[in-house]
There are 2 protein chains.
Amino acid sequence: MDRARGALAQRSKRITIHEVAEDAGVSKTSVSRYLGEERKLLSETLQTRIEASIARLGFRPDRIASSLRGRRTRLIGMVVADITNPYTVMMMHGVETACRRLGYTLVVCNTDRDTELERKHLEVLRAYSVEGLVINTLGQERETLQQLVEEGLPIVLVDRQVEGIDVLTVGLDNRQAIRLGLDHLAECGFEEVLYVTEPLAGISSRRERVEAFETQIQARSGQLTGALLTLDGDHQDQALISRLERLLRESTAPAVFCANAPVTLRVCQALDRLGALKDIGLIAIDEQDWSALVAGGITTLAQPTDAIGEAAMTALVQGGHDGGGEPSHRVFPATLKPRGSTTARAKPMHSNA
Amino acid sequence: MDRARGALAQRSKRITIHEVAEDAGVSKTSVSRYLGEERKLLSETLQTRIEASIARLGFRPDRIASSLRGRRTRLIGMVVADITNPYTVMMMHGVETACRRLGYTLVVCNTDRDTELERKHLEVLRAYSVEGLVINTLGQERETLQQLVEEGLPIVLVDRQVEGIDVLTVGLDNRQAIRLGLDHLAECGFEEVLYVTEPLAGISSRRERVEAFETQIQARSGQLTGALLTLDGDHQDQALISRLERLLRESTAPAVFCANAPVTLRVCQALDRLGALKDIGLIAIDEQDWSALVAGGITTLAQPTDAIGEAAMTALVQGGHDGGGEPSHRVFPATLKPRGSTTARAKPMHSNA
DNA sequence: CCGCGATCTGAAATCGTTACCAGGAAGGCC
DNA sequence: GGCCTTCCTGGTAACGATTTCAGATCGCGG
C-alpha cells in the first residue's frame, strides 16, 4: 500500500518488545531477557508465554535499538583494497564464514586502491560502531588507523602491516613462500629468475617478498641469478614486454616469478602477446581458478586464504591478549602447486636445443 | 589502556551531541540541526561556534543513535549467491560505487548458494533496518521475499527474478545475448552447438538462456544443430568430459556455448584434460580476466556488470515508481568479444582436414 | 506603540531496547 | 518462627541522536 514513494524505506512502525510484553502479560525486561543471553533466568512458564506472543505477533527485535542501548552492534567492518583481486575475495570468504559462525554481520567496504576512500570508509565504519575491523590497508592512513587503535577498537591487519601501528596481523609467510618457490625453480633447473611485482608503495607484503627474493637469490648465487622488475601503474606494460623479450633472448633457462595474482595476469598477457607463454618458466604467488589452464598450467604458491580469513576473525575476537603484551603477527605457509609452467621446461628442454 | 579484554569492543563512551552543545553554549537541537539537512536554519554565529566545538572535541555523530530516532539507517543490504563468481564481484562493485555516490553504506552477505543462509541473511538485514535490498537470489525463499515486499522494503532482484514476486529487476538481456552468440557461431561456420549450463534449479536467468537457446536453434535449423548438457552438482564432470569427447568425434564443426563463468571454467578444465582446448569452438557468457589467455582466447559475451550494478541501486532509490504501476524489468545487452576460440577454428580449419 | 510574520533557538518527548536496582516468593537453617 | 540465600520478576532510567512544538527576538507596517 504505502510503499516508499520515490525514496527508500524509512524504519517502519514495527511490533516492539513493549507490545509483546503486554500480550504475554509480562514486563519488557522479561521479554528482553528472553531474547538475550539471560533467557535461562526465566521460568518455563514465562518462556513459553513469551515465545507464543512473539510468534503470534510476528515480533522481530530491532538491532538498531538494541545496539544503541546494549552497546553491542554485532557488526564487523572489513576494508579491502581491491575487491576484484581473487586473493581478496577468497580471504573475505574466510572472514565471512567466521563472522557467521560467531554471530556477527560483516560490512565490507572496497577502497578501489584509493587511500582517501580508505579513510572515509574507516570513518563510516566507526560511525556505525563496528566492534572490530579487518583491514587490508593501503598503508597510507597511518594517522587514521592509529586513532582507531587508541580508541580501543580491535583491529586486524591482513596481508599488510603498517609501521608503527601495533596491531594484530595475519598474512602469508612471505619468506617461506619465496624460498619454496626458488627451491622449486632451482630444482627444475632454471638459472635466471625475473621477479615481477607491483610498485612497493609502502605495502609491507610486497616489500617483504622482494627483500626475501633478493636475500635468497644472493644465498644461491652459484645456482640462480635474479633480477627485479616493478610494473608501473598504467597497464601498458611495454616495459614488461621488452624485458621479457630480452630475458628470453639472453638466458638459457629463464623463469618469471610473479609476486601476486594481478601481476600474474599481466605477465601472462605480456607473454601471450609475445607468443611465449610456454617458452619460459613461470611461478606465481596466489592460486587462481585459471592457474591450471594457462601456459600448460601455472605453478603456484597457494595462500591458505580461507584459513587467513578465519584467523583474522579469530584474532579479532580473542583480542590477541593471550597473556603476552605484544600483539601477535600470525603467518601462514604457502603451498607449492607444481604445474607444467615449471616442471615441463627449463634445463632439460633447453639442453635439447 | 583498557583495550577490550578478550572480547570485541563495546560501544565506547563517545563525545555526544550533548557535550558539543554545552561546549558551544547552544542547545542539542542546534547541534543536531548543524549536522543534518537543516543547517541553513542556523545563524552564522551558531554555525561557526558549533563547528569549532566539534573540531575541538573531536566529535563524531553516532549513526546508530541517529538511525533509531531519525528513521534512516543509510544502510543498503546486498545478498549474493556466490561471492567467488566473477560476475557477482563485478556487479557488487557497481552497486558499491553507486552506494558511495548516494551516501549509503553497503552490507554484503554471501549465501554460498545455500538457501537457508539466504533466509537468515535477509532476516539479519531486516533486523538492521536496511533501507533497500539488492538480491541475487537462489529463488527458493519466495515466502521470505514476499514478506519483505509487503513490509514496503524496496527490493531489486539482480540477474534473477522470482515468479510471483513483483519487484524491480535488473539483468542481462538473455535472448539478445544468446542470439548474438549463435549468430557469431553461425558466421564462423560452426554447425553443432552444445550448450552447457548449471542445473536450472528454478533460477530464471539460467532458464531464460536455455529457452532462448532452444528457440533460436530451432529457428536456424538449416544452419545449426544444438544440444544441451546440464552439469551436476559434484565437480567430477565425468559426464561433461565424455560428452565433449563424443562431440569432437562426431561433429565436423563443433562448438560449446557456456552459460556463465563457472561453467566456462569447468568446460575449459574438461577440454584441457582432453587436450582439446583448441580443437573446438568455444563461446561463453561472462567476460573474465583470463578469457583472452585460454584456448587461444575465449570468445565471450560480456555483461555490462558495472552498469547492471549501478542500475540496481538507481532503481532502488527511485523506487521504480516513475508513474507506471508495474515494477520495471531492466535488461542490458551483452557485448560480443570475438577471440580465437571461435574465429580461428571451425569450417575453414575442418575443411582443411 | 502595538501587532504580526519571519527567523532563529531551545526544552522535552521519543525511537526500541538493555542495564540497574529493588522487591517478592520459596526454601533451608538455626 | 525468623532470617538469609537463591531465584525470578518488574519498574525505571538510560543509550545518543532527531523531531515537535513553543518561545524569543527582530523588523516593519499600520
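Letters A, B, ... mirror the listed sequences (proteins, then strands); counts begin at 1. Just so you know, these numbers use all the heavy atoms, side chains as well, and skip hydrogens, waters and symmetry mates.
When distances are taken from the side chain of Leu35(B) to each of dT18(D), dG11(D), dT18(C), the shortest belongs to dT18(D). For Ser66(A), the listed nucleotide lying nearest its side chain is dT18(C); candidates were dG16(D), dA12(C), dT18(C). Checking dA11(C), dT9(C), dT9(D) against the side-chain heavy atoms of Ser43(A) singles out dT9(D) as nearest. In the set dT9(C), dT9(D), dT20(D), dT9(C) carries the atom at the smallest distance from any side-chain atom of Leu46(B). Comparing atom distances between the Ser27(A) side chain and each of dT19(D), dG10(D), dG16(C) picks out dG10(D) as nearest. When each of dG16(C), dA17(D), dG11(D) is scored by its nearest atom to the side-chain atoms of Thr16(B), the top-ranked nucleotide is dA17(D).
Note: CZ (Arg49(A)) to C1' (dC8(D)) measures 13 Å, nearest angstrom. If you measure from atom CD of Glu38(A) to atom C1' of dT17(C), you get 13 Å, rounded to the nearest angstrom. In this entry the distance linking CD1 of Ile17(B) with P of dG10(C) reads 13 Å, nearest Å. Tyr128(A) places its OH atom 14 Å from the P atom of dA17(D), with the value rounded to the nearest Å. In this structure, OH of Tyr34(A) is placed 17 Å from C1' of dT9(D), rounded to the nearest angstrom. For the pair Leu41(A) CG and dC21(C) P, the interatomic distance rounds to 16 Å; values are reported in whole Å. Distance His18(B) NE2 to dA14(D) P: 12 Å, rounded to the nearest Å.
Val26(A) comes within 4.0 angstrom of sugar-phosphate atoms only, judged by non-hydrogen atoms across all strands, and of no base. Among the atoms of the strands shown, base atoms are found under 4.0 Å from some heavy atom of Leu68(A).
Ion pairing between Lys120(A) and Glu123(A) fails under the 4.0 Å rule for side-chain N and carboxylate O.
Side-chain atoms of Glu150(B) and Gln146(B) form a donor-acceptor pair, as typed in the model, at a separation below 3.5 Å. No side-chain donor from either of Glu310(B) and Thr97(B) sits under 3.5 Å from a side-chain acceptor of the other.
For the pair Ser32(B) and dT18(D), the criterion of a side-chain N or O lying under 4.0 Å from OP1 or OP2 is met.
The base of dA14(D) sits with one of its N or O atoms less than 3.5 Å from a complementary donor or acceptor on the side chain of Arg69(A). At a cut-off of 3.5 angstrom, the base of dG10(D) holds at least one donor-acceptor pair with the side chain of Arg33(A).
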